[in-house]
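Ligands are counted one by one from 1 in listed order, and the atoms in each one are counted from 1 as well. The analysis underlying the following values was restricted to heavy atoms, covering all of them including side chains, and did not include hydrogens, waters or symmetry mates. Note that the numbering runs from 1 along the sequence shown for the chain.
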Amino acid sequence: MHHNMTLPGLESFHVTETREENGYYHIYVERPREVLPCPACQTSTQKIHDYRWQKIKHNRVFNRPTMIWYRKRRYQCHDVACRKRFDETNNLVDRYQRQSQEFNQAIGLETIHGKTFKDTAQRFGVSPTTVMRRFDTISESLLKETQHLPSIIAIDDFKGDTDGERFQTIITDPIKREPIDILKDRQKSTVYHYLKDHADTVDIVVMDMSPSYKAAVDQALNQPIIVADRFHFVRYMYWALDRVRRRVQHEFDDYDRKKCKNMRHVFMKRSSTLSAKQDWYLHHYCDKSDVLTSAYLLKEWFCDWFDNAKYLGSDALSTIKTDLYDFYDTVRASAIPEFEKAIGTLQNWQKEIMNSFGYNLHNGYIEGINNQTKVIKRQAFGFRRFDRLRRKVLLHHKYKDIQGQMA
Ligand SMILES: [Zn+2]
């Protein structure tokens with residue numbers, strides 16, 4: 001190759017020699033001699049003290065792993081009283097590093113773009129620990145701490161299992177449907193302090209029906225509008241039905257008890273979506289128990305109310321509410337304790353449940369975010385540390401749309 005050719009990252013260097021050996025591309029470089037100010041006394045100097053070879057791993061050149069041999073010059077100050085020795089300045093490699101800045105940058109970018117630490121380590125021929133360190137450095141610089149939250153936020157928990165805490169809290173933007181921040185646990189005080197510091201402009205919060213989140217939000221913010229998440233309140237009716245099924249099947253003989261347990265999913269489905277065989281099983285077990293039949297019908301009733309409420313939306317809130325009161329009456333008339341308990345919870349959250357139709361907001365998209373977090377955790381060790389998982393998840397979502405373009 002021509003030695004006056006410039007290579008990426010080596011623009012300010014002279015290439016003195018290139019050579020291929022043992023599968024590596026070796027490039028020998030040095031900087032032009034300069035007049036430099038002494039870092040101690042600012043006296044200009046061009047007196048060379050000596051040269052040292054620094055061996056540096058660099059990005060692939062011509063698709064070969066590449067090693068740079070940098071003949072690094074040391075200058076000495078002209079001033080007789082000073083005589084300080086110092087390295088010439090360069091933008092290729094930091095002091096005491098064995099990898100070029102470009103190489104480290106490339107590793108860092110690859111760790112952001114969904115590759116595992118182990119794969120990246122193999123590809124670049126460095127240790128996974130080095131890769132992790134690169135990730136820590138680059139992710140900290142890319143992720144500026146959230147200063148102000150948008151006016152609408154959602155709060156949910158997920159099982160992240162980091163730093164000895166099973167559950168973490170995720171704060172998301174329900175309009176953009178992307179994560180904003182992740183908190184180390186789901187305790188009231190953690191959420192309270194975070195909101196106190198960041199959420200002065202928040203007026204609507206979407207959340208599951210957790211009393212500790214509600215207390216944190218109520219105390220940290222000035223009476224925001226709270227929206228109960230749909231998925232979470234519908235789930236109470238499914239849980240109630242499941243409890244009734246377990247109670248009732250307990251009275252069945254061995255065969256039917258096991259079979260009924262295996263048919264759990266049939267009870268959970270909407271009746272309109274059952275196959276002929278599933279419908280047969282549903283009737284078979286409901287015929288054995290009036291309570292089970294009533295419980296199934298209550299669940300179906302609630303789901304019908306829910307679908308209708310979503311359809312009607314904010315224009316028909318009074319109809320939605322009247323229909324919900326009818327449902328409460330029917331539950332009371334049925335005297336099934338599991339359902340009576342469930343509507344007790346619904347009544348405690350009545351205003352927040354109605355808000356979910358009034359504002360048409362929900363947390364449904366968070367499940368998708370949490371599934372991607374699970375994949376990230378499965379892919380690599382190193383994410384047992386909370387700060388690292390937090391940065392990985394937030395950057396994954398921030399950069400996923402340009403994935404591949406920067407690789
Ligand atoms: Zn000096």
Side-chain angles (χ1 to χ4, degrees), residues 1-22 24-62 64-112 120-121 124-145 147 387-388 391 395 406:
M1 84 181 254
H2 295 290
H3 291 162
N4 57 3
M5 178 179 177
T6 52
L7 292 167
L10 296 173
E11 291 86 353
S12 62
F13 287 80
H14 292 314
V15 176
T16 55
E17 192 193 334
T18 58
R19 167 166 74 78
E20 255 193 283
E21 197 178 285
N22 301 327
Y24 269 86
Y25 194 61
H26 298 267
I27 305 175
Y28 292 77
V29 301
E30 59 182 50
R31 282 186 54 81
R33 193 172 168 183
E34 306 161 279
V35 180
L36 289 175
C38 163
C41 71
Q42 310 304 322
T43 306
S44 291
T45 187
Q46 51 177 337
K47 180 178 156 62
I48 293 163
H49 175 67
D50 64 3
Y51 291 89
R52 299 263 175 98
W53 283 106
Q54 194 173 354
K55 186 184 170 190
I56 308 153
K57 256 195 176 140
H58 192 57
N59 299 22
R60 284 169 170 256
V61 173
F62 304 130
R64 285 161 183 77
T66 297
M67 204 62 87
I68 292 175
W69 298 82
Y70 173 23
R71 192 166 177 243
K72 193 189 254 179
R73 195 177 284 116
R74 275 203 299 176
Y75 289 88
Q76 185 168 39
C77 182
H78 269 305
D79 189 290
V80 284
C82 179
R83 287 290 182 219
K84 185 176 173 62
R85 293 161 190 173
F86 57 94
D87 288 346
E88 63 185 357
T89 49
N90 79 91
N91 59 359
L92 173 64
V93 63
D94 292 328
R95 257 186 123 181
Y96 309 119
Q97 285 286 312
R98 280 172 300 184
Q99 289 112 25
S100 69
Q101 291 176 8
E102 289 250 334
F103 186 79
N104 281 334
Q105 183 80 358
I107 294 176
L109 287 176
E110 188 160 308
T111 63
I112 306 291
T120 305
F124 285 84
V126 295
S127 75
T129 320
T130 302
V131 174
M132 255 188 264
R133 266 205 307 271
R134 293 312 310 157
F135 171 75
D136 290 344
T137 313
I138 194 164
S139 60
E140 253 161 52
S141 68
L142 287 173
L143 208 62
K144 312 251 182 317
E145 213 195 312
Q147 294 302 328
D387 62 338
R388 199 174 276 151
R391 282 183 269 116
L395 287 172
M406 288 171 79

(message) When you measure from the centre of the six-membered ring of Y51, is the NZ or CZ of R73 closer than 6.0 Å and no more than 45° off the axis?
(response) no

(message) At a cut-off of 2.8 Å, what protein N/O/S atoms sit near the Zn ion (ligand 1)?
(response) C38 SG, C41 SG, C77 SG, C82 SG

(request) Using the test salt bridge (charged side-chain N to carboxylate O under 4.0 Å, His left out), find all partners of K72 that sit at least two apart in sequence or belong to another chain. (result) D87

(message) Could you tell me if S12 and R31 have a donor-acceptor pair between their side chains, going purely by distance under 3.5 Å?
(response) yes

(message) When you measure from the side chain of T120 to the backbone of I107, do you find a donor-acceptor pair of N or O atoms at a distance under 3.5 Å?
(response) no

(message) Quick one about D94 and Q101 (side-chain donor to acceptor, distance below 3.5 Å, no hydrogens or angles considered), yes or no?
(response) yes

(message) Below 30° counts as parallel, above 60° as perpendicular, anything between as tilted: where do the rings of W53 and W69 land?
(response) perpendicular

